[in-house]
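Report on one structure; see the data block that follows.
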Amino acid sequence: MSDSEKGIGVGILGFGTVGTGTVKLLLENAEHLRRRVGVPIRIRGIADLDVGRDRGVAVPEGVLTTDGFQVVRNPEVQIVIELIGGTGIARDFLLEAIRRGKSVVTANKALLAEHGPEITRAAQAAGVDIGFEASVGGGIPIIRTLREGLAANRIQAIYGIINGTCNYILTRMTQEGKAYPEVLAEAQKIGLAEADPSFDVDGIDSAHKLAILVWLATGAYIPPKEIFVEGIRDLSALDIAFAREFGYAIKLLAIAKEKGGGVEVRVHPTMIPSDHLLATVGGADNAIYVKGDFVGSSLSYGQGAGMRPTASAVVSDVIEIARNLRGGGVGRIPPSGFFLHDRGDTAMVSPFDDVRCEYYLRFQVVDKPGVLSKIAGALGAHSISISSVIQKGRKEESAVPIFIVTHHAKESDMRAALAETDRLPDVLDRTRMIRIENNL
Ligand code: HSE
């Protein structure tokens with residue numbers, strides 16, 4: 001068989017939703033891919049523990065196996081595609097493939113966020129490529145956007161809606177006024193949210209993806225444990241409704257900002273002006289808003305997960321690597337997109353206590369004279385200035401909410417002030433606080 005007929009061999013580890021989408025794409029668009037690459041892309045192996053299930057796709061004969069290492073070691077496999085997920089066996093497979101001189105593609109954001117430096121150093125030492133377009137934003141080509149399209153810019157800020165599960169839940173809470181547990185249960189019923197949703201709703205998935213985006217923006221790595229993370233479990237329909245009254249929408253944002261010699265990184269529910277483009281990103285969609293020093297603002301938007309969009313991203317990496325293999329360009333671009341960087345290998349994370357933003361506060365108080373002044377006094381004592389106040393309803397002898405929006409304040413001051421107000425006898429419940437980003 002001639003080289004051009006033999007084509008480029010790929011092996012797929014993990015035949016779940018994304019694996020199935022990838023196989024479908026490779027088969028359905030085979031001729032299109034051949035024209036893109038110049039030679040065919042051929043599936044030489046697919047490994048999964050479950051090889052009996054019908055996935056509705058005509059798998060080429062003899063490629064299915066339960067042994068991932070068989071795929072990794074197959075000499076006909078030049079590109080190993082890891083779609084297993086997690087940080088255990090997936091890491092072993094990737095490192096083994098790299099040791100064998102094979103380029104790899106992965107959609108595994110947890111693995112890259114936790115072990116990125118180890119894996120990318122191994123890939124560079126072995127002179128192979130590593131593609132990870134599917135690790136952030138599903139079908140949105142944000143990895144290439146940062147590494148190539150916006151490479152000329154110093155990136156000043158990134159604001160990402162990068163967890164579809166959270167965005168879906170928040171969108172429905174906003175549109176229907178429903179409570180978090182109710183919408184979560186519905187999202188689980190339709191298979192959008194996991195049975196254990198913690199990874200998504202507690203913001204961990206967003207933090208992993210943010211670590212990858214910062215790495216691409218700065219060339220320096222941030223261990224995910226250094227990212228401040230607050231999820232969406234605590235949000236109430238009441239806060240969403242009042243945010244709207246103040247002119248804001250609430251989104252779970254992954255935020256990175258250039259700050260001095262370091263970077264400010266955080267994931268938390270954020271109030272953003274209702275007329276900002278990010279506020280219009282609904283359902284399970286993702287969007288990443290990037291500010292660069294020359295390009296200005298740039299928004300990438302699309303489906304952040306799902307079989308077909310994620311397969312689109314996976315196969316975009318396969319195409320790039322296959323072209324490199326053919327043209328002798330493997331290793332041309334380092335994984336982060338930086339040959340040298342000015343911060344060392346690890347980014348300096350600026351302390352979360354030093355973050356400055358505006359805040360929305362909801363106090364649950366006894367409705368009697370003097371309560372508001374005590375709250376205002378505690379805020380003032382910590383250098384926090386009030387921008388607006390709303391109190392709705394008056395129910396004798398019962399609790400009423402007071403909503404306050406502040407001017408810019410320092411995170412550590414805000415926490416100290418709330419510790420004080422929450423000790424006031426007339427404040428009946430833990431105060432809810434949501435950070436505001438007005439100037440994005
Ligand atoms: N669980 C993720 C989300 C999709 O809800 O966006 C995979 O990254």
Side-chain angles (χ1 to χ4, degrees), residues 166 169-170 172-184 201-203 228-253 266 268-274 279 352-353 355-438:
C166 289
I169 292 172
L170 294 180
R172 292 208 45 206
M173 286 175 72
T174 304
Q175 289 173 348
E176 298 164 38
K178 286 185 175 169
Y180 166 80
E182 191 183 348
V183 181
L184 171 64
V201 300
D202 292 336
F228 172 83
V229 181
E230 186 181 295
I232 64 166
R233 285 183 201 263
D234 236 13
L235 286 175
S236 74
L238 184 65
D239 292 318
I240 292 175
F242 271 89
R244 188 185 282 173
E245 193 144 327
F246 282 112
Y248 294 100
I250 300 181
K251 295 289 181 190
L252 183 75
L253 281 197
R266 46 197 168 101
H268 52 70
T270 311
M271 285 171 42
I272 56 175
S274 311
F352 185 64
D353 272 356
V355 164
R356 287 186 71 82
C357 63
E358 292 140 284
Y359 292 85
Y360 158 98
L361 307 170
R362 172 165 60 87
F363 298 90
Q364 199 64 16
V365 301
V366 178
D367 189 11
K368 69 177 196 195
V371 176
L372 182 58
S373 83
K374 280 187 200 148
I375 290 173
L379 293 175
H382 290 275
S383 317
I384 298 163
S385 152
I386 293 171
S387 155
S388 48
V389 180
I390 297 180
Q391 187 195 320
K392 284 275 164 113
R394 185 189 167 94
K395 298 184 191 135
E396 295 298 335
E397 304 300 325
S398 66
V400 291
I402 292 178
F403 304 91
I404 289 180
V405 170
T406 74
H407 289 297
H408 274 88
K410 196 174 160 193
E411 179 74 22
S412 54
D413 288 338
M414 179 54 73
R415 286 174 179 236
L418 293 187
E420 205 170 297
T421 56
D422 283 358
R423 280 197 300 269
L424 293 171
D426 295 325
V427 173
L428 300 174
D429 196 3
R430 186 173 57 80
T431 300
R432 297 297 194 272
M433 174 255 271
I434 303 173
R435 298 170 187 87
I436 302 175
E437 288 287 328
N438 264 317

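Evaluation of the ring pair (Phe, Tyr, Trp, His ring centres under 6.0 Å) rule for F246 yields no partner, not counting sequence neighbours. Remark: R362 engages D239 in a salt bridge (Lys or Arg N to Asp or Glu O under 4.0 Å) (not counting sequence neighbours). For Y180, there are no ring pair (Phe, Tyr, Trp, His ring centres under 6.0 Å) partners, not counting sequence neighbours. With sequence neighbours excluded, the residues that form a side chain to side chain contact (heavy atoms under 4.5 Å, CB included) with D234 are R430, R432. With sequence neighbours left out, A376 forms a side chain to side chain contact (heavy atoms under 4.5 Å, CB included) with I386. Judged as a salt bridge (Lys or Arg N to Asp or Glu O under 4.0 Å), and not counting sequence neighbours, the contacts of R415 are E411. For L372, the side chain to side chain contact (heavy atoms under 4.5 Å, CB included) partners at least two apart in sequence or on another chain are V389, I402, I404. The salt bridge (Lys or Arg N to Asp or Glu O under 4.0 Å) search around E358 returns none, not counting sequence neighbours. With sequence neighbours left out, S274 forms a side chain to side chain contact (heavy atoms under 4.5 Å, CB included) with no residue at all. Qualifying ring pair (Phe, Tyr, Trp, His ring centres under 6.0 Å) partners for F228, counting only residues two or more places apart in sequence or in other chains: F352.
The NE2 atom of H382 sits 9.0 Å away from the CG atom of L418 when rounded to the nearest 0.5 Å. Atom CD1 of I436 sits about 11.5 Å away from atom CD1 of I272, to the nearest 0.5 Å. Expressed to the nearest 0.5 Å, how far CD1 of I434 lies from CG of L235 amounts to 5.0 Å. Atoms CE and CG, on M173 and L184 in that order, are 10.0 Å from each other to the nearest 0.5 Å. Q175 CD to L170 CG: the interatomic distance, rounded to the nearest 0.5 Å, is 11.0 Å. Considering SG of C166 and CG of L253, their distance stands at 11.0 Å, rounded to 0.5 Å.
A pairwise comparison of heavy atoms in E230 and P269 identifies O-CD, 3.4 Å as the closest pair. Scanning all heavy atoms of the two residues, the minimum distance from A237 to G177 falls at CB-O, 3.6 Å. The heavy-atom pair separating L252 from G203 by the smallest distance is CD2-CA, 4.4 Å. Of all non-hydrogen atoms in A279 and P273, the two that sit nearest each other are CB-O, 3.6 Å. Contact record, C357 with E437: CB-OE2, 4.3 Å, taken as the closest heavy-atom pair.
Residues T270 and Y248 are not in side-chain contact: their nearest non-hydrogen atoms beyond the backbone lie 4.5 Å or more apart. With a 4.5 Å cut-off on side-chain heavy atoms, L428 and V366 count as touching. Taking 4.5 Å as the limit, some side-chain heavy atom of T174 sits within range of a side-chain heavy atom of R244. Contact of the M433 side chain with the L361 side chain is registered, since non-hydrogen atoms from C-beta on lie closer than 4.5 Å.
Applying the salt bridge (charged side-chain N to carboxylate O under 4.0 Å, His left out) test to residues at least two apart or on different chains, the pairs with a partner in residues 418-429 are K368-D426, K374-D426. Here ring pair (Phe, Tyr, Trp, His ring centres under 6.0 Å) pairs that include residues 399-424, with residues two or more places apart or in two chains, are F242-F403.
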